Amino acid sequence: MRIDIITIFPQVFFGPFAESVIARAVKKNIVEINTVNLRDFTHDKHRSVDDKPYGGGPGMLMKPEPIFEAVESLRTAGSCVILPGPGGEVFTQKTARELTKVNHLIFLCGHYEGIDERVREGLAAREISIGDYVLTNGNLAAMVVVDAVVRLLPGVLGSEESGVTESFSEDLLEYPQYTRPEVFRGMKVPDVLLSGNHGEIEIWRRKQAVEKTKKVRPDLIRPAIKKKTEERD
Ligand code: ADE
C-alpha cells in the first residue's frame with residue numbers, strides 16, 4: 001500500500017510513524033508513507049493556503065488551488081482521497097478493514113475553519129471523522145486512520161500480535177487479560193484462567209466480553225448478538 005499525506009505540518013508525522021508497528025511495516029515494504037507539504041503547491045510569495053470565506057464569518061478556509069494541484073500530482077488509478085473532518089462518516093473498524101483493500105490512500109489534512117466545498121465535490125474525497133469532537137486539524141485524525149489500517153495489512157502483525165480476538169474483531173469489547181504474578185496487591189487472577197481447561201476459559205472470556213460490552217458500550221451489544229445469530233442461521 002502507498003499512503004500520501006498532504007499537510008501543512010509534515011514534521012508532526014515523523015515521530016509517530018518512526019516507532020513500533022508502523023515503522024516495522026514501512027521497513028518490511030508493506031507500506032510506503034510519504035508526507036507532502038501543501039505549501040509546495042502554492043505560487044505566491046507568502047505560500048498561502050487559506051483565505052477568507054465568501055459571505056463572511058469567522059476564521060479562514062483552505063483554498064482549493066494548492067489542494068487540487070497536490071492531489072493531481074499524486075493521484076493514481078487506484079487511489080482514494082480521504083479528507084479527515086468532524087463532518088464525515090464515523091471511522092470504525094469496518095472502515096479500517098475496507099481501506100486495507102485500497103492500493104493508494106491520499107490524506108488531505110485540513111486546518112483552519114474548514115475547506116472550500118469544491119475540494120469535496122471536485123476530488124470525490126471520502127470525508128472521515130474519527131469521533132464526535134473537534135480537533136484543531138486533520139493531522140491527528142489521519143494518524144489514527146493510518147495506524148488502524150496499516151496494522152491490518154497482511155504481514156504487519158505477527159501471529160502472536162494478530163488482532164483475531166481483540167476488541168471489535170467480533171463487535172464485542174475485549175475480555176480481561178492477566179499475566180504474572182498470580183496475585184498482585186491482593187488482586188488475584190481468576191481461577192478459571194489457571195485451570196488449563198480451554199473450553200471453560202473460552203466460555204468465561206466470551207461471557208466477560210459480553211458483560212463488559214453491555215456495561216461500557218450498550219450500543220454495540222444488539223448488533224453484535226444479531227450478527228452472531230445471523231451467522232449461526
Ligand atoms: N478534524 C477535526 N476534527 C476531526 C475529527 N473529529 N475527525 C477527523 N478529522 C477532524
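Please read all numbers here as calculations on a predicted model, not as lab measurements. Read the numbers this way: they start at 1 and go in the same order the structure lists the ligands and their atoms.
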A.B. asks: Can you tell me which residue pairs pass the salt bridge (charged side-chain N to carboxylate O under 4.0 Å, His left out) test with a partner in residues 67-82, sequence neighbours excluded?
C.D. replies: none
A.B. asks: Going by salt bridge (charged side-chain N to carboxylate O under 4.0 Å, His left out), name the pairs with one or both residues in residues 134-150, residues two or more places apart or in two chains.
C.D. replies: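 Output for this query is empty, none listed.
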A.B. asks: What distance separates Phe184 CZ from Tyr178 OH, expressed to the nearest 0.5 Å?
C.D. replies: 13.0 Å
A.B. asks: Return the protein residues near ligand 1 (heavy atom under 4.0 Å from any of its atoms), ordered by chain and residue number.
C.D. replies: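 Near ligand 1, by chain and number: Pro84, Gly85, Pro86, Ile128, Ser129, Ile130, Gly131, Tyr133, Val134, Leu135, Asn137, Ala141.
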A.B. asks: Can you name the residues that form a ring-ring contact (aromatic ring centres under 6.0 Å, His included) with Phe13, not counting sequence neighbours?
C.D. replies: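 So Phe13 forms a ring-ring contact (aromatic ring centres under 6.0 Å, His included) with Phe17.
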A.B. asks: Dump the intermediate steps for salt bridge (charged side-chain N to carboxylate O under 4.0 Å, His left out) on Arg120 and Glu117, then the final yes or no.
C.D. replies: CA-CA 6 Å; Arg120 282 185 192 87; Glu117 186 60 25; 2.6 Å; yes
A.B. asks: Taking only Lys NZ, Arg NE, NH1 and NH2, and the carboxylate oxygens of Asp or Glu, determine whether Arg205 and Glu202 approach each other closer than 4.0 Å.
C.D. replies: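 So Arg205 does not pair with Glu202 through a salt bridge.
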